[in-house]
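Have a look at the structure below, then the notes.
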There are 2 protein chains.
Amino acid sequence: MAEQADKRQPVEAGGRGAENRERIVAAADRLFYEKGFQATSFSDIADAAGVPKGNFYYYFKTKDALLEGVIDWRRQCLKKLLNSLNVQHDDPRERLMTLLTGLCAGEDDIVRYGCPMGTLSAELCKTGHEMKEQAQSLLETIREWIATQLQAMGRDDAPEFAREILTRSQGVTLLAHAYGDHHLLVEEMARVRHWVSAVLDGQPH
Amino acid sequence: MAEQADKRQPVEAGGRGAENRERIVAAADRLFYEKGFQATSFSDIADAAGVPKGNFYYYFKTKDALLEGVIDWRRQCLKKLLNSLNVQHDDPRERLMTLLTGLCAGEDDIVRYGCPMGTLSAELCKTGHEMKEQAQSLLETIREWIATQLQAMGRDDAPEFAREILTRSQGVTLLAHAYGDHHLLVEEMARVRHWVSAVLDGQPH
DNA sequence: GTCTATAGCCGGATAGAC
DNA sequence: GTCTATCCGGCTATAGAC
């Protein structure tokens, strides 16, 4: 999927230095998304966050630790998003469709940088990074949420159906990113929504 | 899609040194696929190819030039694959289904390293590499081939349908890679084939 | 054409003053 | 907690002997 890890609301946990920590994580989050993990250097982050390089190591011992912080951050953002959907809509079908529609909210970012979860997962898997399971779990979280909605609609194929929805969404974002094609993203996501609706309305899939 | 760029048949163009060149490209191709472009160093390639580092620069001025060589190589492999499908089957539908079935040939590689075209495209897009269009054109080549087959079947939605097939296939390989899940790849690809068949048999899509 | 040695740079990480 | 100065290693790339 492709929700932007937006809505950056620092928690201010513990006053003082937490501020700087947030700044670092937020800057790293954005840069890891835009340029990828490997291609982002501490200098890049330092410039973006306005924090001198040396200070990083007070908060994060290694670059990997910083990545861990970023993934946790994304997880929190994702949970907030899913929670707000749960709160805003009682009908699970409405929840799901709202999620699928929301994917086009961060349109431009997705065309430029792809899905924050999908691209991170792909990069970490390829480089064999220890943190790849953490990235994968982001995708799994969203798949489970979708499955939960489908189950609430009484579907006994919830797990497989959810997987297929995730699969198709990821395919759309990957191609839209690869082609840099805005229309592709919008049209194909509409197609996915249409397909989901049709299946929910009883068409075999 | 996810064909392995296998069937490495050096062309022996120009005798002598061409041999070494092939070795370098073949090794780089494999390593770029397994580890990604950025994460692969000349040392890695040198070890794998059994060619000293310094010798690289006789054939390729820069790492980017080497990447170009690798992409050309993949393009040739892809064209060979598509040509052989054209030759082996007269029926466009058979051609298409054979292609979709063939995606599971390199099963293990795809689960470990993803689709050679999709992952490369994603990496080059994210890092803003000049060669990203070249990688994209690999995907486009396969999409066009699929569209050609569909058109030969008399479908007037050939371009969109082809795009959707590509989209779904890419989604499957991305998730199979991210999850490292062999079953996911096999099952979801079967689902894609089933869906294509159903649409071709007249079911609305 | 082939290969060794090495330059030059930039990355992540450290030490330690303030 | 904050920041400067610096180390060390690996990388791409080059020079030049053979």
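Convention: sequence-line order gives letters A, B, ...; per-chain numbering from 1.
Residues satisfying the salt bridge (charged side-chain N to carboxylate O under 4.0 Å, His left out) test with B:D44, not counting sequence neighbours, are B:K35. Under the side chain to side chain donor-acceptor pair (under 3.5 Å) criterion, B:R23 pairs with no residue, sequence neighbours left out. A search for ring-ring contact (aromatic ring centres under 6.0 Å, His included) contacts involving A:F32 returns A:F37, not counting sequence neighbours. Annotation: ring-ring contact (aromatic ring centres under 6.0 Å, His included) contacts of B:Y57 (sequence neighbours excluded): B:F42. In terms of the ring-ring contact (aromatic ring centres under 6.0 Å, His included) criterion, A:Y179 has no residue partners (sequence neighbours excluded).
Look at CG on A:L31: it is 13 Å from P on C:dG11, rounded to the nearest Å. One atom, CD of A:Q38, and another, P of C:dC10, lie 19 Å apart when rounded to the nearest Å. In this structure, A:N55 places its CG atom 16 Å from P of C:dG12, rounding to the nearest Å. As rounded to whole Å, 16 Å separates atom P of D:dG1 from atom CZ of A:R23. Atom NZ of A:K35 is separated from atom P of C:dC10 by 13 Å (rounded to the nearest Å). Residue B:I45 contributes atom CD1, which lies 17 Å from atom P of D:dG10 at whole-angstrom precision. Between the C1' atom of C:dC3 and the CZ atom of B:F60 lies a distance of 17 Å, rounded to the nearest Å. B:D44 places its CG atom 13 Å from the C1' atom of D:dT12, with the value rounded to the nearest Å.
Phosphate proximity of D:dC11 to B:S41: present, with a side-chain N or O under 4.0 Å from OP1 or OP2. The shortest distance between the side-chain N/O atoms of A:N20 and the OP1/OP2 oxygens of D:dG1 is not below 4.0 Å.
Under 3.5 Å, the side chains of A:T167 and B:R191 contain no donor-acceptor pair of N or O atoms.
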Protein and nucleotides 13-18 of chain C: nitrogen or oxygen contacts under 3.5 angstrom:
| from | atom 1 | to | atom 2 | distance (Å) |
| --- | --- | --- | --- | --- |
| C:dA13 | OP2 | A:K63 | N | 2.8 |
| C:dA13 | N7 | A:Y57 | OH | 3.0 |

